[in-house]
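Scroll down for the structure; my scribbles are underneath it.
First listed ligand is number 1; within each ligand, the first listed atom is number 1.
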Amino acid sequence: MANHTITVAPGDGIGPEITDAVVTILQEAGAALDMEHIVIGKEIYEQGGETGIPEEAWESIRRTKVLLKGPITTPQGGGYKSVNVTARKTLGLFANVRPVRSFAPFVRTPFPGMDLVIVRENEEDTYGGIEHQQTDEVVQCLKLITRPGTERVVRYAFEYARAYGRRKIHCLSKDNIMKLTDGLFHKVFNEIASEYPDIHPEHMIIDIGTAKVAADPLRFDVIVTPNLYGDIISDVAAEVSGSVGLAGSANIGVAAAMFEAVHGSAPDIAGKNIANPSGLLNGAILMLLHLGLADTAEVIQNAWLCTMEDGMHTADIQSKAYTKELLGTREFARAVVDRLGKTPHTLTPAAHSQVQVHMDQVLRAHTQESIEASAAPKSLVGVDVFLDWDEDARSPQVLGMKLEKLAGPEFSLTMISNRGTKVYPKGAPETFCTDHWRCRFTGKDLDSHKIINLLTRHAEAGLEVIKTENLYEFAGLPGYSRGQGE
Ligand code: NAI
C-alpha cells in the first residue's frame, strides 16, 4: 500500500523539540508516512505574514488533508490572532477530540482508572473572536452557537461513543443563564440523543460539571460541550489525570484533520531538551488511527506505555517511587524507540485495530446533514437600541423620559437595561450603571423603515446609537432574552 502523505508543522517554543522527537518515533516505527514540512506561527508573523500561515502551507495542508502540528504561541490581550483557531476554523475542523486517561501508578494521579473523552465544539462560541469596544467603559464579545455547528459536533460525539464502545455522554452547558445560546446546544443534544438509544445521555450545568471532572472524573465517559467550556475542562481533566503534558488532541473536519498536543508552546522550558513529547506523540497516535494505520498506532502506543512503566520519565512526570531515569526530550524518544514491539505488563495494552474500522463510519456519518433546521415563521416585534450615554448623572429615569418622547406611535419603550439588568421603568436604586444602555422598543407591524426612522429620531435628539439588535419571534416564541428583572 502507498504511503500516506502528511504535513508537519513544528510550531513555536518547545514545538520543534517535541516534533523532532515524535517524527523520529514515527520513522523508527516504520509508519507508512511521507512528510511535507511547513513553517507556521511566530516566525511567519515576524516576517509580516498576516495570518501566521503562508500560502504554501495552506497548499500543503489542502493537498495532504492531515496536519501534525506542534504548539503555537499566541500573544495574550493583544497582537496577532491565534493560528490554532485560524487553522481550525478555516479548515472546518468542527470537533476537537481529547481523550484523557490516567497512567497510574507510573504517573501520579488521585484518580487511577480515569478514562474519558472530551469532544469540544471547535469553531463557534466566543472563539468567533468577534469583539468590539462600544463605549469608554464597555467591550463586548459575541457568542455564536449555531444549529448546524452544534448538530455536527454532537452527532460526532455520539458516533464516537458508539464506535469506541462508550456508553454515556454528558452534555455540559450553562443553559440556566444563556437560555438561547447554550439552550440551543442542550436542545440539539436532546434531539440527537433520541437517535442513539444505546448511549445514555445526561446533562450537567458546566460549573458543577467542571467541579465533578476535577473531583470525581471516573463518573464520566464522553463529554460534549461548547468551545470555551471544552477548552477549560480538557485542561482540568488532563491535569488531574497526571499532567497536561500527556494528552493528545484530534481536530476533525470533513475536508481535513489536524493533530496536536493539548498543551501549549511552554516558552519557559523551550530549547532546554526537557519537554515531554508525549502529548504530541499521543496526538500522532490519533492521527495514525485517523489514517487507518491502526497497527502502527498500537505498536507506538504500547512502546510508549512500556516507557512509562519502565520509569523512563521526563521531568514533568518525575516521581520518587516510579522514576528510574530522568530523561531529556531526545532521550525519551530514544527510550520509546527502544521499546517498539514490546507490550506493557501493568498498564492496559493498546488494541486499536478494531476501532479503525468504526472510525471510517464516524467520518461518513457526520457528513450527513441529518436534521434540517425548521424554517419557523419569523416576525419582527421590536428593536434593542444600544446607546453610549453618560449624561445627567446616568439617571435611568432621565434617559427613560427622553426615550419615551422618541418612541412615536409605532413603538413603546418596554425597558432600559444596563449590563442586562432592567433599570427603567422601576429600576432598583442600587443597580450600578455604566455608560452602555440597552433600550428595548417593541411594536406591531414593524419593518426596517420604522426602525430607521426611530434611529433618526435618536440622532436628531443627540443620542449616540452604537448598535441595534432586531427582536424577532420565531413561530410566536421570542427569539431574544428578557432583561434581568424584566
Ligand atoms: P503551556 O501548556 O504552554 O504551559 C503550561 C505549563 O505546562 C508550563 O509550566 C509548561 O512548562 C508546562 N508544559 C506544557 N507542556 C509541557 C510539556 N510538553 N512538557 C513539560 N512541561 C510542559 O500553557 P501556557 O503557558 O498557558 O501557554 C504558552 C503559549 O502556548 C501561549 O502562547 C498559548 O497561547 C499557547 N498555546 C497553544 C496551544 C496550541 O498550539 N494548541 C494550546 C495552548 C496554549
* With heavy atoms under 4.0 Å as the rule, classify the contact between T74 and ligand 1 as side chain, backbone, both or neither. => both
* Asked: Can you tell me the protein heavy atom closest to atom 29 (C) of ligand 1 and the distance?
  -> S265 OG, 3.2 Å
* Okay, side chain of D221, backbone of I169: is any donor-acceptor separation there less than 3.5 Å? -> no
* What protein heavy atom is closest to atom 28 (C) of ligand 1, reported as residue, atom name and distance in Å? -> P267 CD, 3.7 Å
* Structure fact -> closest protein heavy atom to atom 35 (C) of ligand 1 is I72 O, 3.3 Å
* Does a side-chain N-to-carboxylate-O contact under 4.0 Å join D182 and K187? -> no
* Asked: Quick one: do the T135 and D388 side chains pair a donor with an acceptor below 3.5 Å?
  -> no
* Provide, to 0.1 Å, the distance between atom 1 (P) of ligand 1 and the closest protein heavy atom, together with that atom's residue and name. => G264 N, 3.5 Å
* Consider every N or O of G70 and every N or O of ligand 1, then say whether any pair is closer than 3.5 Å. => no
* Protein heavy atoms: any of them under 4.0 Å from atom 15 (N) of ligand 1? -> yes
* Using a strict cut-off of 4.0 Å, indicate which atoms of ligand 1 neighbour a heavy atom of A275. => 19 (N)
* Asked: With atoms numbered from 1 as shown, which atoms in ligand 1 lie under 4.0 angstrom from a non-hydrogen atom of P71?
  -> 40 (O)
* Structure fact -> closest protein heavy atom to atom 9 (O) of ligand 1 is D268 OD2, 3.1 Å
* **Y322 and F106 aromatic ring geometry - parallel, tilted or perpendicular at 30°/60° bounds** => perpendicular
* Asked: So, the side chain of N251 versus the backbone of A257: is there a donor-acceptor pair under 3.5 Å, distance only?
  -> no
* Structure fact -> The closest protein heavy-atom partner of atom 21 (N) of ligand 1 is I269 CD1, 3.6 Å
* Angle class for the F158/F189 ring planes (parallel below 30°, perpendicular above 60°, tilted otherwise)? -> tilted
* Using the ring of each side chain (for Trp, its six-membered ring), is Y164 parallel, tilted or perpendicular to Y160, with breaks at 30° and 60°? -> parallel
* Asked: Short check: is a protein heavy atom less than 4.0 Å from atom 5 (C) of ligand 1?
  -> no
* Asked: When you measure from the centre of the six-membered ring of Y127, is the NZ or CZ of R120 under 6.0 Å away and within 45° of the axis?
  -> yes
* Asked: Would you say ligand 1 has an N or O under 3.5 Å from any N or O of I18?
  -> no
* Sub-4.0 Å protein heavy atom next to atom 26 (O) of ligand 1 -> no
* Asked: Side chains of S265 and T73: do they bring a donor and an acceptor to under 3.5 Å?
  -> yes
* To do: Check whether the side chains of T7 and S60 place a donor and an acceptor atom closer than 3.5 Å, and report yes or no.
  => yes
* Asked: ligand 1 and T73, any nitrogen or oxygen pair closer than 3.5 angstrom?
  -> no
* **Distance from atom 19 (N) of ligand 1 to nearest protein heavy atom, with residue and atom** => N276 N, 2.9 Å
* How far is atom 7 (O) of ligand 1 from its nearest protein heavy atom, and which residue and atom is that? -> V244 CG2, 4.1 Å
* Candidate with minimal heavy-atom separation from atom 38 (C) of ligand 1, of N84, I317, L280, T314 -> N84
* Heavy-atom contacts with V262 under 4.0 Å: which atoms of ligand 1 show up? List them by number with element. => 42 (C)
* Asked: Between E36 and R63, does at least one N-O distance fall below 4.0 Å, as a salt bridge requires?
  -> yes
* To do: Can you label the angle between the H186 ring and the H203 ring as parallel, tilted or perpendicular, going by 30° and 60°?
  => parallel
